[in-house]
Amino acid sequence: QVQLVESGGGLVQPGESLRLSCAASGFTFSNYAMSWYRQAPGKEREFVAGISAAGADINYAASVKGRFTISRDNAKNTVYLQMNSLKPEDTAVYLCYARARIAFRWYDYWGQGTQVTVSS
C-alpha cells in the first residue's frame, strides 16, 4: 500500500518556525519527485515547493521563497519542509505529493495533510 504520511503541523505564532515531514512507503521513493502543496479554507490548492528525485532541482512558490526550504533524505524515504518566519497567510492544510513517470505512465500519490495554523 502506497502511503504518504505528513507530520509536524501545529499552532504557532507569527514569526515562528515549523518543520513538516512526509514519510513515504509502498513505492520506490528515490524515483519520485516530491512536492508540498497547501490548501486554506475557501481557497484553491496551491503549490508550495518541489524537489526532484535526486534533489538537484528545487522550486518554490514566490510567496514562500526565502522563508521555506524543501529537502529530502532518500535513505529515510522522507521529504521535509522547513518553514521559517511563518505568517498568518501560511495557515492551511499542507499536503505531500509524489510523482514519477515510470515505464511510459505517470504515477502520483497524495498524503492526507497536516494542519498548520499561524495565529497570535
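All residue numbers refer to positions in the sequence shown, counting from 1.
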Test side chain to side chain contact (heavy atoms under 4.5 Å, CB included) applied to Thr69 and Tyr80, step by step = CA-CA 8 Å; Thr69 303; Tyr80 305 94; over 6 Å; no

Atom of Leu18, atom of Leu86 and distance for their closest heavy-atom approach | N-CD1, 3.8 Å

Say whether Arg38 and Tyr94, considering side chains only, have a donor N or O and an acceptor N or O under 3.5 Å apart.
-> yes

Ring-face cation contact, Tyr107 with Arg105, 6.0 Å cut, 45° max = yes

Can the ring centres of Tyr32 and Phe27 be said to be less than 6.0 Å apart?
-> yes

Starting at CD1 of Ile58, measure out to CZ of Arg72 and round the result to the nearest 0.5 Å.
-> 10.0 Å

Specify the closest pair of heavy atoms between Phe29 and Ala24, including all atoms of both residues, with the distance to one decimal.
-> CD1-CB, 3.4 Å

For the residue pair Ala92 and Ala40, what are the closest heavy atoms and their distance?
-> CB-N, 3.9 Å

Expected output: side-chain Asn74 to main-chain Ala53 donor-acceptor under 3.5 Å = yes

Using a distance-only test with no angle check, is there a side-chain donor-acceptor pair under 3.5 angstrom linking Gln112 and Glu6?
-> yes

Nearest heavy-atom neighbours spanning Val79 and Trp36 | O-CZ2, 3.8 Å

Please round to the nearest 0.5 Å and tell me the distance separating atom CG of Leu11 and atom OG1 of Thr117.
-> 6.0 Å

Determine whether Tyr60 and Val48 fall in the same hydrophobic cluster, where Ile, Leu, Val, Met, Phe, Trp and Tyr are linked whenever their side-chain heavy atoms lie under 4.5 Å apart.
-> yes

In terms of hydrophobic clusters joined by side-chain contacts under 4.5 Å, are Leu95 and Val64 together?
-> no

Would you kindly confirm whether Tyr109 and Leu81 end up in one hydrophobic cluster when ILVMFWY residues are joined by side chain heavy atoms under 4.5 Å apart?
-> yes

dist Ile51:CD1 -> Asn59:CG (nearest 0.5 Å) comes out at 10.0 Å

Can Glu89 and Thr91 be said to form a side chain to side chain contact (heavy atoms under 4.5 Å, CB included), step by step?
-> CA-CA 5 Å; Glu89 309 94 270; Thr91 296; over 6 Å; no

Donor-acceptor pair, side chain of Ser52 and main chain of Asp57, under 3.5 angstrom = yes

NZ or CZ of Arg99 within 45° of Trp110 ring axis and under 6.0 Å = no

Linked, directly or transitively: Phe68 and Val118 (ILVMFWY side chains, under 4.5 Å) = yes

Compare every heavy atom of Asn84 with every heavy atom of Ser17, then report the nearest pair and how far apart it is.
-> OG-OD1, 2.9 Å

Side chains of Ser119 and Pro88 in contact at under 4.5 Å (non-hydrogen atoms) = no

In short, Val116 meets Gly9 closest at the heavy-atom pair CG2-CA, 4.1 Å

Side-chain contact test, heavy atoms from C-beta onward, threshold under 4.5 Å: evaluate it for Ser25 versus Gln3 and give yes or no.
-> yes

Indicate, with yes or no, if Tyr97 and Met34 share a hydrophobic cluster defined by side-chain heavy-atom contacts under 4.5 Å among Ile, Leu, Val, Met, Phe, Trp and Tyr.
-> no

Compute whether any side-chain donor of one residue and acceptor of the other, for Asp73 and Thr78, lie under 3.5 angstrom apart.
-> no

